[in-house]
Amino acid sequence: MNPKKLKILEENFELYWSGKEPYISDQRFDELIEELKEENPKHPLITKLGLNTIRGMKYKHKNPMLSLDKVYKFEDLKKWINKTQRSPNENYIIQYKFDGLAGKLVDGVLSTRGDGQVGEDISRHKTHIDLVSGERRKSLIKLQKNSKEILGEIVIPKKRFEEIRISDFGTFAHPRNFVAGMIGRKESWPKGVRLDFVEYSSSKQEVVNARNFGKDRWEILVKDFRKNAIYPTDGLVIKLEDEKYAKSLGNTAHHPLGQIAFKFSGETASTKIKEIRWQNGKNSICPVAIIEKAVIQNIAISKVTLHNAGFVKGLNLAPGDEITIERAGDVIPHIVSLDKKGENFCSIPKRCPYCKEEVEWRGPEIFCTNLGCLGTKRARLMASLKYFEIDGLGDTIINYLFDKKIVTSPEQIFQVTFQDLMKIPGFAEVSSQKLLDSIEASKKKITYPIILATLNTEGVGKVTYKKILEYMTFEELVEAKKELLNIPGISEKRAIAIRNSIEEGKEYLKAITSLISPISEDSIKGRKRICFTGKMEKPRKYYENLALQHNYEISDKVDKSLDILVTTEITRESSKMTLARKYGVKIIELKDWMEEL
């Protein structure tokens with residue numbers, strides 16, 4: 001490998017594990033590693049793979065912590081299956097490959113993998129980490145010393161990461177970088193920040209027989225795992241179910257031969273920034289990059305989020321820069337790395353793009369100083385109305401209702417009349433009535449956490465408000481009768497933001513709760529979950545709204561928690577039908593379900 005490529009590998013390795021943003025994509029990094037493996041399999045960087053730079057006390061592993069060999073294509077995975085199976089009846093266990101920091105807990109010591117032989121003792125962080133084993137969760141600091149090794153991954157749940165990815169202590173593009181940053185901290189952790197140490201042996205598992213290990217089955221498994229992932233994952237681990245046989249195959253210096261990792265790929269693409277647009281968000285002024293068209297998983301992407309002004313300034317992003325972007329699942333496409341700097345330098349606006357008043361910096365973000373800015377008010381209204389999940393209520397309609405002063409506050413959407421909707425360009429009686437029905441149907445699925453989320457409290461969303469209401473009632477929260485700081489994960493800064501937001505929105509909260517009757521979270525738990533599949537006579541939303549009226553909970557996926565799958569044809573084949581049969585979900589034809597109603 002030429003010195004330039006080697007230098008790129010070494011630099012990005014250090015960036016990866018120091019919590020900073022690498023300037024090449026994960027896939028490119030792996031490609032370079034594979035190239036180095038072929039040319040020089042004994043190179044020190046190969047054995048360092050998975051090692052975070054040891055800055056604290058070293059810990060020598062009694063039993064080596066090896067990495068895993070990797071494949072990227074099903075064909076290569078199938079070759080490994082054929083190579084390791086003793087017969088077509090050989091069973092394999094499939095489980096998540098978490099994208100965090102590999103660790104070990106033994107004799108009360110929590111350590112990183114390091115080079116497999118020597119890691120870092122990170123026991124100083126145990127007060128901030130919970131052990132997750134199946135459904136059980138317990139703080140590491142409260143565990144008795146264990147002589148049995150517990151192997152796992154230090155990670156942060158995806159939802160929790162989204163709540164704090166942009167904060168006073170940094171902006172993080174990926175959960176993995178956040179974990180590495182927290183573990184590498186010498187100073188105290190920010191209040192309320194916690195990580196999970198997920199035991200490998202207790203994570204979601206599927207057993208597959210070698211005889212049935214076909215490409216179609218594999219694609220269904222991958223799709224199912226990815227949809228249900230609570231933590232960041234970058235692949236799946238496949239290992240022999242027979243542990244004794246797996247151990248008999250032995251290890252290389254780098255990995256065991258009885259298991260392998262299948263890494264997800266095809267989610268990144270290289271492109272170039274054409275323009276950076278600044279627009280009013282629900283709180284701050286947000287940057288969006290307009291890019292040269294890139295295609296990921298057959299989806300054309302022309303723009304990506306740039307998070308905030310601090311992110312743009314930190315990477316010195318500007319038109320002409322060559323970048324790598326990522327689109328994982330339903331996540332908004334974002335920049336993974338800056339690959340090549342163009343000739344331009346970044347330019348942060350000094351005035352609001354809407355009202356032209358001056359902006360001010362607060363942490364990594366910029367804000368319009370005009371409290372009456374209509375651009376901000378419009379953005380906040382759009383963000384609030386999306387929480388109600390009203391079918392057919394798009395940005396164009398919201399803009400019209402806002403411009404005509406029909407809806408300038410979220411609760412006013414429930415006061416819209418048929419005559420109001422008939423005035424929208426292109427609307428007629430049928431479309432107006434359909435939207436009015438959707439607005440009415442949405443009332444039956446609005447909870448108190450949803451209402452509180454429409455306040456657009458900075459750094460606080462539906463998940464946090466749901467957690468708060470586990471400790472107090474809605475009325476107690478609004479009237480400030482209980483202390484927020486007693487709730488785990490609520491920092492002083494967040495508590496102040498919540499109090500200020502509720503105080504400013506008291507009239508709104510009073511107005512909206514007089515128009516609708518929020519349902520309880522308990523009533524949602526008692527609902528049957530239903531999913532629809534197949535081409536139907538009427539739009540799918542028609543049947544979903546019908547299900548909502550009969551107290552069903554709508555799901556767009558099939559998993560073990562689904563109660564009913566409604567299909568147009570009981571004998572049809574699809575991924576949803578296959579999964580429903582696998583999980584024992586009740587399958588019913590549409591006409592029969594309609595008769596039952």
Side-chain angles (χ1 to χ4, degrees), residues 280-283 330 332 374 376-457 460-463 465-466 474 505 507-521 523-524 527 529-532 536 538-557:
N280 293 78
K282 62 181 181 180
N283 287 305
D330 295 324
I332 298 169
L374 290 179
T376 302
K377 284 188 174 182
R378 184 191 302 269
R380 289 175 70 82
L381 177 68
M382 284 191 169
S384 295
L385 292 179
K386 282 175 182 172
Y387 280 110
F388 297 146
E389 296 182 354
I390 299 172
D391 184 41
L393 185 66
D395 290 354
T396 302
I397 296 171
I398 296 172
N399 277 324
Y400 175 86
L401 296 173
F402 181 82
D403 289 338
K404 297 297 181 182
K405 296 183 173 55
I406 297 170
V407 178
T408 57
S409 183
E411 82 282 2
Q412 292 173 350
I413 194 66
F414 299 111
Q415 296 172 310
V416 166
T417 66
F418 181 80
Q419 288 71 30
D420 291 331
L421 298 180
M422 283 289 287
K423 294 174 185 175
I424 299 174
F427 264 53
E429 290 185 6
V430 173
S431 49
S432 297
Q433 189 58 52
K434 187 177 177 181
L435 181 52
L436 207 58
D437 291 342
S438 293
I439 293 170
E440 188 62 29
S442 73
K443 293 180 181 180
K444 297 180 179 177
K445 53 184 179 180
I446 294 176
T447 62
Y448 281 114
I450 288 175
I451 287 176
L452 289 164
T454 62
L455 291 170
N456 293 312
T457 310
V460 180
K462 183 173 68 174
V463 174
Y465 275 120
K466 181 179 177 181
F474 176 78
E507 289 303 314
Y508 159 67
L509 293 175
K510 184 178 178 181
I512 191 167
T513 52
S514 69
L515 290 170
I516 63 172
S517 300
I519 60 173
S520 68
E521 293 291 327
S523 68
I524 291 178
R527 289 178 172 182
R529 295 182 69 240
I530 191 169
C531 180
F532 295 87
M536 298 175 176
K538 295 182 180 180
R540 180 144 328 157
K541 281 295 177 184
Y542 168 82
Y543 300 102
E544 290 181 348
N545 285 333
L546 195 60
L548 284 171
Q549 291 169 22
H550 286 79
N551 207 35
Y552 283 96
E553 180 187 351
I554 307 301
S555 175
D556 61 354
K557 64 183 180 183

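These numbers come from a predicted model, not from an experiment. Heads up: numbering here begins at 1 and tracks the sequence.
Put simply, the side chain of Ser432 never gets that close to the backbone of Glu429: no donor and acceptor are under 3.5 Å apart. Using modelled atom types, no side-chain atom of Ser517 and backbone atom of Thr513 make a donor-acceptor pair closer than 3.5 Å. Looking at Tyr400, its side chain does come within 3.5 Å of a backbone N or O of Lys423 through a donor-acceptor pair. Side-chain atoms of Ser431 come within 3.5 Å of backbone atoms of Ala428 as a donor-acceptor pair (strictly under, hydrogens ignored). Side-chain N or O atoms of Thr457 include none that pairs as donor or acceptor with a backbone N or O of Val460 at under 3.5 Å. In this structure, Arg529 contributes its side chain and Ile554 its backbone to no donor-acceptor pair below 3.5 Å.
Looking at Lys386 and Asp395, a side-chain N of the basic residue comes within less than 4.0 Å of a carboxylate O on the acidic one, giving a salt bridge. Salt bridge status for Lys541 with Glu544: present, with a side-chain N to carboxylate O gap under 4.0 Å.
For the pair Lys462 and Tyr465, the cation does not sit on the ring face, since its NZ or CZ is not both under 6.0 Å from the ring centre and inside 45° of the axis.
Residues meeting the ring-ring contact (aromatic ring centres under 6.0 Å, His included) test with Phe402, sequence neighbours left out: none.
Side chains of Arg380 and Asn283: a donor on one and an acceptor on the other come within 3.5 Å. If you check the side chains of Tyr508 and Thr454, you find a donor sitting under 3.5 Å from an acceptor. A side-chain donor from one of Arg378 and Asn399 sits under 3.5 Å from a side-chain acceptor of the other.
Residues Pro410 and Leu381 approach most closely at N-CD1, 3.7 Å, considering heavy atoms.
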Decide yes or no on side chain to side chain contact (heavy atoms under 4.5 Å, CB included) for Phe532 and Arg540, but give the supporting numbers first.
CA-CA 8 Å; Phe532 295 87; Arg540 180 144 328 157; 3.7 Å; yes
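Counting heavy atoms from C-beta outward, Ile530 and Ser555 have side chains that stay 4.5 Å or more apart. Val407 has its side chain out of reach of Ile398: every pair of non-hydrogen atoms, C-beta onward, lies at least 4.5 Å apart.
Lys282 NZ: more than 12 foreign heavy atoms inside a 6.0 Å radius.
Taking CZ of Phe414 as the reference point, atom CD1 of Ile512 lies at 5.5 Å (rounded to 0.5 Å).
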